[in-house]
Visitor: 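Structure incoming, see below.
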2 protein chains.
Amino acid sequence: MQSDLYNIGQAAKASGISAKMIRHYEEVGLLPAASRTFSGYRTYNHQDVHMLRFIRHSRDLGFSIKQIADLLSLWRDRNRPSSKVKQMALEHIEMLNQKIQELISMKSELTRLVSCCHGDERPDCPILDELAQDK
Amino acid sequence: MQSDLYNIGQAAKASGISAKMIRHYEEVGLLPAASRTFSGYRTYNHQDVHMLRFIRHSRDLGFSIKQIADLLSLWRDRNRPSSKVKQMALEHIEMLNQKIQELISMKSELTRLVSCCHGDERPDCPILDELAQDK
DNA sequence: TTAGACCTTACAACTATGGCAAGGTCAAGC
DNA sequence: GCTTGACCTTGCCATAGTTGTAAGGTCTAA
């Protein structure tokens, strides 16, 4: 049966990863080289698409390609200790926290500046003044 | 007097932007081409350093190069309405908010997964299971 | 047989920043 | 005058992830 074979466009639709990125992931080694038809088209089966979905979900959570490679090898290792996965997740949460804090402090500083600016037709602007300050 | 002239290294120290990035900003047109000594060294005066500080403060608040170019032109325009600056700042705050929300939802989803995982020597792991789910 | 939708590769762009290499310049000390 | 070390110059490469484009081959339906 051919019913479980996808070409790259179908795999893209089924997984939510663009064909472009599937090729890219293959090139950088995140995915094994896909098998090919006689004419050179990549083909994917259900399991491949399953792996693509795994990758997409990991990306949606903000894991890097490198981290996803590690997650994939843990996924494939039937004997992994779940503590390893949990540790990776915890480290990633910590990184997310740092980024969130950075963005929040940018936001509060900018909010402070905005509240000082009357924002009308007059040219004097405390936002620009503070940006230009030597500090 | 030469006391108000900086070469690129001194301008970098005084502004907090690396010499590398100063050259880069010049190349992409964020900065006007610096004047040069006879031997080709870039030179900067107080006003240039002032502008560099403006750029650094804007970067610290997360503005992109394109946005900083707009801020700079408002800064130079003695007749700008402060409402324009305020609007840019508000839009940027909105973008920061979006990013913050994205990161927070990643974090809470991941936190949920982590709390489901016992994280010991056993291989069964709800985190990997959910990542692999078709959803 | 032809049109259109798909596939292939390869190259470049984008965000901002850092690193390295090969070479020129400047200032201090001998 | 010459050497040394710190600084400057340009240019190219790398990061991470994604998108776009170009030139060409393949498949399918009319």
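Only this structure's heavy atoms are used, side chains among them; waters, hydrogens and symmetry mates stay out. Residue numbering restarts at 1 for every chain, and letters A, B, ... go by the order of the sequence lines.
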Visitor: Using a strict 4.0 Å threshold on nitrogen-to-oxygen distance, state whether B:E26 and B:R23 make a salt bridge.
Guide: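 Result for this pair is no, no salt bridge flagged.
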Visitor: Whole angstrom is fine here: how far is it from CG in B:L31 over to P in C:dA16?
Guide: 13 Å
Visitor: Whole Å only: how far is the OH atom of A:Y6 from the P atom of C:dC7?
Guide: 14 Å
Visitor: Output yes when a side-chain donor or acceptor of B:R80 lies under 3.5 Å from a complementary backbone atom of B:W75, and no otherwise.
Guide: yes
Visitor: Grab the CG-C1' distance between B:L30 and C:dT17 for me, whole Å please.
Guide: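 Taking atom C1' of C:dT17 as the reference, CG of B:L30 is at 15 Å.
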Visitor: Quick one, give me the B/S/- string for nucleotides 12-17 of chain D, reading 5' to 3', where B means a protein heavy atom under 4.0 Å from the base and S means that only happens at the primed atoms, P, OP1 or OP2.
Guide: B----S
Visitor: Rounded to whole angstrom units, what separation is found between the CG atom of B:L5 and the P atom of C:dC26?
Guide: 14 Å
Visitor: Is it true that B:Q87 and B:E91 share a donor-acceptor pair across their side chains at a distance under 3.5 Å?
Guide: yes
Visitor: Heavy atoms under 4.0 Å, any strand shown: does A:R42 hit a base, just sugar-phosphate, or nothing?
Guide: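 Sugar-phosphate, no base atom in range.
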Visitor: For the side chain of B:S39, counting heavy atoms from C-beta on, which of D:dC7, C:dT25, C:dG18 is nearest?
Guide: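 Nearest listed nucleotide: C:dT25.
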Visitor: Mind calculating the distance between CZ (A:R23) and P (C:dC11) to the nearest angstrom?
Guide: 16 Å
Visitor: Can you tell me, in whole Å, how much space there is between the C1' of D:dC13 and that of C:dC11?
Guide: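 Pairwise C1' distance, D:dC13 against C:dC11, rounds to 16 Å.
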Visitor: Identify, with sequence neighbours excluded, every residue that meets side-chain hydrogen bond (donor to acceptor under 3.5 Å, both in side chains) alongside A:D124.
Guide: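 With neighbours one apart ignored, the set is A:H118.
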Visitor: Could you give the distance from OG (B:S108) to CG (B:L113), rounded to the nearest 0.5 Å?
Guide: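 If I round to the nearest 0.5 Å, the distance is 10.0 Å.
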Visitor: Which whole number of Å gives the distance between the P atom of D:dT18 and that of C:dG18?
Guide: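 After rounding to an integer number of Å, I get 23 Å for this pair.
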Visitor: Would you classify B:T37 as touching base, sugar-phosphate or nothing, given that sugar-phosphate means primed atoms plus P, OP1 and OP2, and contacts are heavy atoms under 4.0 Å?
Guide: nothing
Visitor: Mapping A:Y41 and B:Q10 to their closest nucleotides on DNA chain D, which lands nearer the 5' end?
Guide: B:Q10
Visitor: Go through the steps for B:S35 and B:T43 under the test side-chain hydrogen bond (donor to acceptor under 3.5 Å, both in side chains), then give the verdict.
Guide: CA-CA 6 Å; B:S35 48; B:T43 59; 3.0 Å; yes
Visitor: With rounding to the closest Å, how many angstrom separate the P atoms on D:dC12 and C:dA12?
Guide: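 My reading of the P atoms in D:dC12 and C:dA12 gives 12 Å.
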Visitor: Using whole Å, report how far OH of A:Y44 lies from C1' of C:dT8.
Guide: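 That distance rounds to 12 Å.
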Visitor: Considering only atom P, compute the distance from C:dA13 to D:dG11 and round it to an integer number of Å.
Guide: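 Result for the P pair: 16 Å, nearest Å.
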Visitor: Write down the distance between CD1 (B:I22) and P (D:dC7), rounded to a whole number of angstrom.
Guide: 14 Å
Visitor: Can you measure B:Q67 atom CD to C:dT15 atom P for me and round it to whole angstrom units?
Guide: 11 Å
Visitor: Taking A:H92 for the side chain and A:Q67 for the main chain, is one N or O donor matched with an acceptor at less than 3.5 Å?
Guide: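 No.
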